[in-house]
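Single-structure report; data block below.
The first residue in the sequence is number 1, and the count goes up from there.
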Amino acid sequence: MELRESYYNNWATIVIAFCLLLLVIAKWIYKNEFHHLLSAAVSDRYIKVSRNENPHHSLRILTVTVYTIGLALWITKLSYTEGRTSLDFKTFTLILTGLTIFFLAKRYFSMMIASLMKFDEILELIEYHRNTYRAVLGILLLIINLLIYYTFRDSIVVVRSLSIVSIFIFAVYHLIILYTYSKALLQHSFYFILYLCALETAPYLLLYKYIMLSRAY
């Protein structure tokens, strides 16, 4: 039991510490911009001012990495709480791999469709907006993971409650993005329907299926 407890603490602690290290590096290298980036949590001014920059900026790569790892940690804990998977590094790795492939595939599939349908510029703005929010949500996920892995690790009610709050926050930011660019997309109603079905709904259903299948391993 002690060995199992030690293993549990070790792998989760190392992963969370790695996320903290990435944030420290991001803040150290991009001190001013890092603070401006956090302001996107309550205002879209930063996004409007900076969205003409390269969306693959190193700061966003670091923060989106933290977001992806944090999301995998959260899903691992929630899935374990619901009795669907084990709470171990192997399960976390499977979920993280699935998320990484999902985000990359979704990104390049989106680019392909946008190129074919001639709305590349709109998609780039959406992705930039989305990655900025992911950077902010990555920090939120880090806080939530600290709570559910250490402070309230054995409380199913707290884990579920924090998960519901997280899903609500994610949904709000997602709706903000759709609302912000809906007018541009609605100019081409077919593109808007295609975007919602092929790029916003179907991929998440496939991701859910992958996570459910991971329990078999």
Side-chain angles (χ1 to χ4, degrees), residues 1-27 34 37-42 62-103 130-177 201 203-217:
M1 182 67 179
E2 291 181 358
L3 289 175
R4 185 178 179 181
E5 186 78 10
S6 175
Y7 172 72
Y8 169 86
N9 287 330
N10 284 340
W11 79 262
T13 300
I14 290 172
V15 172
I16 291 175
F18 177 70
C19 290
L20 287 170
L21 177 62
L22 290 181
L23 289 177
V24 169
I25 292 173
K27 184 177 180 181
F34 185 82
L37 180 65
L38 295 182
S39 69
V42 294
L62 288 172
T63 50
V64 170
T65 299
V66 171
Y67 167 82
T68 307
I69 295 174
L71 190 59
L73 275 172
W74 169 57
I75 293 175
T76 302
K77 179 66 175 182
L78 180 60
S79 183
Y80 169 75
T81 301
E82 299 301 323
R84 297 183 180 278
T85 58
S86 301
L87 187 63
D88 53 30
F89 185 70
K90 180 181 179 181
T91 302
F92 165 74
T93 302
L94 284 171
I95 292 175
L96 178 61
T97 301
L99 283 174
T100 302
I101 294 173
F102 167 75
F103 286 136
R130 192 196 308 277
N131 285 333
T132 301
Y133 280 157
R134 282 173 178 166
V136 176
L137 293 173
I139 297 175
L140 173 64
L141 280 171
L142 187 59
I143 296 172
I144 290 174
N145 283 325
L146 286 171
L147 291 174
I148 63 178
Y149 274 89
Y150 298 101
T151 306
F152 303 104
R153 55 177 296 178
D154 297 319
S155 176
I156 295 177
V157 173
V158 173
V159 172
R160 287 176 176 172
S161 299
L162 288 174
S163 296
I164 291 172
V165 171
S166 301
I167 292 171
F168 175 76
I169 294 173
F170 292 169
V172 168
Y173 280 117
H174 191 71
L175 289 173
I176 288 173
I177 293 175
T201 305
Y204 291 99
L205 294 176
L206 292 174
L207 178 62
Y208 174 78
K209 184 65 175 179
Y210 172 84
I211 293 172
M212 291 300 99
L213 288 175
S214 69
R215 64 182 298 185
Y217 299 95

Q) Going by distance alone, is a donor N or O of one side chain under 3.5 Å from an acceptor N or O of the other, for Thr13 and Tyr150? A) yes
pair [X]-[Y]: side-chain heavy atoms closer than 4.5 Å:
X: Lys77; Y: Asn145; result: no
X: Val66; Y: Leu62; result: no
X: Leu137; Y: Ile169; result: yes
X: Ile14; Y: Phe89; result: no
X: Ile69; Y: Leu96; result: yes
X: Leu71; Y: Phe103; result: yes
X: Ser163; Y: Val159; result: yes

Q | Aromatic plane relationship, Trp11 with Phe92 - under 30° parallel, 30 to 60° tilted, over 60° perpendicular | A | tilted
Q. Taking the six-membered ring for Trp, are Tyr67 and Phe170 parallel (under 30°), tilted (30 to 60°) or perpendicular (over 60°)?
A. perpendicular
Between [atom1] of [X] and [atom2] of [Y], what distance do you get to the nearest 0.5 Å?
X: Thr63; Y: Leu23; atom1: OG1; atom2: CG; value: 8.0 Å
X: Leu22; Y: Thr65; atom1: CG; atom2: OG1; value: 6.5 Å
X: Ser166; Y: Ile148; atom1: OG; atom2: CD1; value: 7.5 Å
X: Thr76; Y: Trp74; atom1: OG1; atom2: CH2; value: 11.0 Å
X: Asp154; Y: Thr81; atom1: CG; atom2: OG1; value: 9.5 Å

Q. Counting only N and O atoms by type, is there a donor-acceptor contact under 3.5 Å from the side chain of Thr91 to the main-chain atoms of Leu87?
A. no
**Q.** Leu73, Ile75, Thr100 screened by side chain to side chain contact (heavy atoms under 4.5 Å, CB included) with Ile95, the one that passes
**A.** Ile75
